[in-house]
Amino acid sequence: MEKCNVENCTCPHVNCENHGKCCACINAHYRKNSLVYCMRKISEARIKRAVDEALAGK
């Protein structure tokens, strides 16, 4: 199961040693204090929703 998620991996960095290895990828990003690529759209959508809700409340 070394590369169990290769076909479903959304990361465009296909040459990365962690491509398709979610746990290794998450751990590497955690150490760098950065967000994994596959979660960025979710994060951006939550931020946008929070801003929209804050602006609507004004």
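Since the model is a prediction, treat every value here as computed from it, not as a measurement.
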request  = Please answer: with hydrophobic residues joined when any side-chain heavy atoms are less than 4.5 Å apart, are Met39 and Ile47 in the same cluster?
outcome  = no

inquiry  = Using the rule that Ile, Leu, Val, Met, Phe, Trp and Tyr join whenever any side-chain heavy atoms are under 4.5 Å apart, tell me whether Leu35 and Tyr30 fall into a single cluster.
reply    = no

request  = Starting at NE2 of His19, measure out to SG of Cys11 and round the result to the nearest 0.5 Å.
outcome  = 6.5 Å

remark   = For His29 and Ser34, the nearest pair of non-hydrogen atoms, with its separation, is ND1-OG, 2.7 Å

request  = Indicate the atoms forming the closest heavy-atom contact of Asn18 with Ala24, along with that distance.
outcome  = OD1-CB, 3.3 Å

query = Measuring from Cys22:SG to Asn27:CG, what's the distance to the nearest 0.5 Å?
reply = 11.0 Å

key: Nearest-0.5 Å distance that lies between atom OG1 in Thr10 and atom CG in Asn5   = 10.0 Å

ask   = Do Ile42 and Tyr37 share a hydrophobic cluster (ILVMFWY, side-chain heavy atoms under 4.5 Å, transitive)?
value = no

key: Residue pair Val36 / Ile26: nearest heavy atoms and the distance that separates them   = CG1-CA, 3.9 Å

query = Closest heavy-atom contact between Cys9 and Gly20?
reply = SG-N, 3.6 Å

query = Would you find a donor on one side and an acceptor on the other, under 3.5 Å apart, between the side chain of Lys21 and the backbone of Glu17?
reply = yes

task = Could you pull out all residues at least two apart from Lys41 that satisfy side chain to side chain contact (heavy atoms under 4.5 Å, CB included)?
result = none

